[in-house]
Amino acid sequence: GWAPGRLWSEPHDDFWKKALWAELSYDFTGDTQGTTAVNTATRLHLINVRGRIGFPVKDVVLFYGAVGGGLAIESVSYNIYSTKTGLIGVKPVLDYGLGAQVFFPLNPNLGIILRAEFMRFRRGYMDDILLTISAGVDF
């Protein structure tokens with residue numbers, strides 16, 4: 001993530017410094033179903049660029065909304081009596097959702113961020129809803 005509000009706002013304007021974000025995100029989910037003789041394994045990779053705008057509370061918590069777009073790469077492997085068949089597809093994605101971020105400063109230029117997001121990914125006619133929990137470093 002990157003906080004463009006740090007560059008575009010006045011030095012004394014703490015609200016916009018913390019409220020505007022741009023980020024590159026990667027989400028992954030997978031599923032396996034079936035028996036040992038017949039089964040499928042699905043892997044979904046979501047790569048997105050999104051913008052976030054939020055409401056900072058006490059310089060530590062940020063509640064935000066996010067919207068963006070990107071690509072979904074889905075791979076499916078069919079295993080039928082030890083005969084494997086693979087399929088890979090790529091689709092454009094629109095994503096949007098809500099989240100909360102908590103910032104723990106280590107020094108004036110470095111901190112740890114914990115986030116929880118409820119995001120919806122629209123790919124073609126399909127929708128995926130993910131609850132993601134993540135940790136990162138802010139510098």
Side-chain angles (χ1 to χ4, degrees):
W2 174 57
R6 291 180 184 175
L7 299 176
W8 300 336
S9 63
E10 297 293 325
H12 62 277
D13 190 0
D14 284 339
F15 179 83
W16 290 110
K17 283 181 188 178
K18 297 179 181 1
L20 295 176
W21 286 80
E23 67 182 10
L24 175 66
S25 72
Y26 170 75
D27 294 290
F28 169 79
T29 185
D31 185 31
T32 302
Q33 295 183 2
T35 65
T36 55
V38 178
N39 57 58
T40 62
T42 304
R43 304 290 179 254
L44 181 62
H45 304 269
L46 299 159
I47 302 167
N48 295 294
V49 175
R50 69 172 67 113
R52 295 190 290 143
I53 186 164
F55 185 78
V57 179
K58 301 271 187 185
D59 294 336
V60 179
V61 178
L62 176 71
F63 296 101
Y64 60 86
V67 65
L71 292 175
I73 303 166
E74 184 174 11
S75 64
V76 180
S77 175
Y78 300 98
N79 184 3
I80 302 171
Y81 298 107
S82 299
T83 303
K84 290 187 179 182
T85 304
L87 176 67
I88 294 177
V90 178
K91 287 191 175 205
V93 171
L94 171 68
D95 67 321
Y96 52 93
L98 300 172
Q101 165 180 302
V102 180
F103 176 70
F104 299 101
L106 301 174
N107 65 43
N109 298 318
L110 184 67
I112 296 174
I113 290 181
L114 301 176
R115 288 178 25 190
E117 294 180 318
F118 187 68
M119 297 295 292
R120 185 170 184 169
F121 298 88
R122 178 85 176 157
R123 52 188 176 104
Y125 61 89
M126 296 178 277
D127 289 312
D128 299 304
I129 299 173
L130 297 178
L131 172 63
T132 60
I133 298 171
S134 60
V137 177
D138 179 47
F139 52 92

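Bear in mind the structure is a predicted one, so any value in this text is a computation, not a measurement.
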Intermediate values then yes/no, side chain to side chain contact (heavy atoms under 4.5 Å, CB included), Tyr81 and Val38: CA-CA 6 Å; Tyr81 298 107; Val38 178; 4.1 Å; yes
Min side-chain heavy-atom separation Leu44-Phe121 under 4.5 Å: no
Derivation and outcome, salt bridge (Lys or Arg N to Asp or Glu O under 4.0 Å), residues Arg52 and Glu117: CA-CA 12 Å; Arg52 295 190 290 143; Glu117 294 180 318; 5.1 Å; no
From OG1 (Thr42) to CG (Asp31), nearest 0.5 Å: 6.0 Å
Nearest atoms (heavy-atom pairs only) where Asp27 meets Ser25: OD2-OG, 4.0 Å
Nearest non-hydrogen partners of Leu98 and Met119, listed with the distance: N-SD, 4.3 Å
Spacing of Thr85 atom OG1 and Leu87 atom CG [to the nearest 0.5 Å]: 9.5 Å
Point-to-point distance, once rounded to the nearest 0.5 Å, from CD of Gln101 to CZ of Arg115: 6.0 Å
Leu20 reachable from Val102 in the ILVMFWY side-chain graph, under 4.5 Å edges: yes
Cluster check Phe63, Phe104: I/L/V/M/F/W/Y, side chain < 4.5 angstrom: yes
Over 12 foreign heavy atoms within 6.0 Å of CZ, Phe28: yes
Linked, directly or transitively: Val67 and Ile53 (ILVMFWY side chains, under 4.5 Å): no
Minimum-distance pair of heavy atoms, taken over all atoms of Ala135 and Leu114: CB-CD2, 3.6 Å
Result of checking Leu24, Asp95, Leu71 against Asn48 for side-chain contact (heavy atoms from CB on, under 4.5 Å): Asp95
Transitive ILVMFWY side-chain link Val90 to Leu46, under 4.5 Å: no
Joint cluster assignment, Trp21 & Phe103, ILVMFWY side-chain distance < 4.5 Å: yes
Closest contact, heavy atoms only, Ser75 versus Ile88: CB-CG1, 3.9 Å
Contact summary for Ala72 and Val93, nearest pair of heavy atoms: CB-CG2, 3.3 Å
Evaluation steps, side chain to side chain contact (heavy atoms under 4.5 Å, CB included), between Arg43 and Thr32: CA-CA 9 Å; Arg43 304 290 179 254; Thr32 302; 3.7 Å; yes
Reported CZ-to-CD1 distance for the pair Arg120 and Ile129, which is rounded to 0.5 angstrom: 5.0 Å
Verdict with supporting geometry, Asp128 and Thr29, side chain to side chain contact (heavy atoms under 4.5 Å, CB included): CA-CA 10 Å; Asp128 299 304; Thr29 185; over 6 Å; no
Nearest heavy atoms of Lys91 and Met126, plus distance in Å: NZ-CE, 4.1 Å
